[in-house]
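First comes the structure, then the notes that go with it.
These numbers come from the heavy atoms of this one structure, side chains and all, not from hydrogens, waters or symmetry mates.
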Amino acid sequence: MVIIFVLSSFVHHTHYFPSDKIFVFFTGTMRPKANGVIFQDANGVFHTAKLAAHNAQNEVLLSAGAIASPQLLLLSGVGPVAHLADHGVDPVILDHPMVGQGMGDNPMNAVVIPSPEPVEVSLVQVAGIPHFGSYIEGLSGLSLSVSLTHSFFDGLINLLNEIKLPTKTLSNFFKLLDLRFNITTQAGGMIQKVYGPISRGHLELQNKNPDDNPSVTFNYYQEPEDLNNCVEGLSTIIKVINSQNYSKYNFPGVTGRGLLDLILALPINLRPRHINSLFDLKQYCKDTVMTIYHYHGGCQVGKVVDSDYKVLGIDALRVVDASTFIKTPGTNPQATIMMLGRYMGQKILRERADFLETKEEL
């Protein structure tokens, strides 16, 4: 569903954009007020839904998530005026420099651990909360069906040679697993995930089409503290894999560092690989970082919305979702987002009840 705000005041001017059929009511002199939304249904038909004019408590609630909420604000003319002008967003309802700023995500680095022993099935869960700023999480019960013929094995080694990564560790690893034919093996995995990352990025429009994704830069590990937490996390995982207690879940001769080297050879992201990733965990963190999909920011409290989640400078408009977060919890933020939704729902109901009670007394 595509939602675009209709901002209005006493004087209405209508602008039509044939390319995406978005229109905005606005005025250049009065404080803007959200008056409704335009949305597109599953059949591609656009509809307009306006707030009832007789109730001053009516408002628009935007809960499209950390990516779509700032994007929709920008498309509706609320954001940095220079950026909006660059993409032809017209009219500009409000110059709001912080819309799309402060984008964050918890960076993750993962290790897959083939096991010679059957392991129980376990979803991702917190396995350890150490003293530093990372969570160590684990999962098990993966069933890996791998077809590794000699041609595939040779192709992988050739690929590693092309990107100038040493292949001795991986060659030994594959020999240990005896991957000459099709195999199915059990596996587990561990990840380190930086909690409350300091590194921040931004979100920008690529065009005016609401169906196209915006451009998002998270700047993973830009801040030294985040990078150091990653190194601590991976070092902890290596120690666990190399420990005596973990040995029965590991093939003989396979080390934690060797498993990290295997991840370097997999297409887990689009980042280039660097030779020093084999001995420098800081570079390894950067080369193998992945998203854990805990996106947040872009409409942060105190910068885009106030403590009641009302958009600063605009009446009758709130944003209630993870885009308002300064940081996310260390675990999956789903429950936190659901609690925020219920909290604000109850708060809005109380506000409306109090308003009606006061109105009746008058």
Whichever hydrophobic residues join Leu270 through chains of side-chain contacts under 4.5 Å:
none

Report yes or no: do Thr288 and Asn269 form a side-chain donor-acceptor pair below 3.5 Å?
no

Name all pairs fulfilling the side-chain hydrogen bond (donor to acceptor under 3.5 Å, both in side chains) condition that reach into residues 238-249, sequence neighbours left out, sorted by first residue then second.
none

Please enumerate all residues that pass disulfide (SG to SG under 2.5 Å) together with Cys299, with sequence neighbours excluded.
none

Cluster companions of Leu356 among Ile, Leu, Val, Met, Phe, Trp, Tyr (side-chain spacing under 4.5 Å)
Phe355

Interatomic distance, Asn229 atom CG to Tyr195 atom OH [nearest 0.5 angstrom]
11.5 Å

Sequence neighbours left out, what passes side chain to side chain contact (heavy atoms under 4.5 Å, CB included) with Arg342? Give chain and number order.
Gln346

Those residues that, when tested against Asp287, pass side chain to side chain contact (heavy atoms under 4.5 Å, CB included) (two or more places apart):
Leu264, Arg273, His274, Ser277, Gln283

Is the distance between the ring centroids of Phe218 and Tyr295 under 6.0 Å?
yes

Salt bridge (charged side-chain N to carboxylate O under 4.0 Å, His left out): pairs with one or both residues in residues 191-201, sequence neighbours excluded:
Glu137-Lys193

For Asp212, enumerate each residue passing the salt bridge (charged side-chain N to carboxylate O under 4.0 Å, His left out) test, keeping only those at least two apart in sequence or located in another chain.
none

Hits for ring-ring contact (aromatic ring centres under 6.0 Å, His included) against His202, two or more places apart or cross-chain, chain-then-number order -> none

All salt bridge (charged side-chain N to carboxylate O under 4.0 Å, His left out) counterparts of Glu59, not counting sequence neighbours:
Arg318

Does His47 have any ring-ring contact (aromatic ring centres under 6.0 Å, His included) partners at least two apart in sequence or in another chain, and if so, which?
Phe39

Which residue pairs pass the side-chain hydrogen bond (donor to acceptor under 3.5 Å, both in side chains) test when at least one of the two sits in residues 213-228, sequence neighbours left out?
Asp105-Tyr220, Asn109-Tyr221, Gln192-Tyr221, Ser199-Asp226

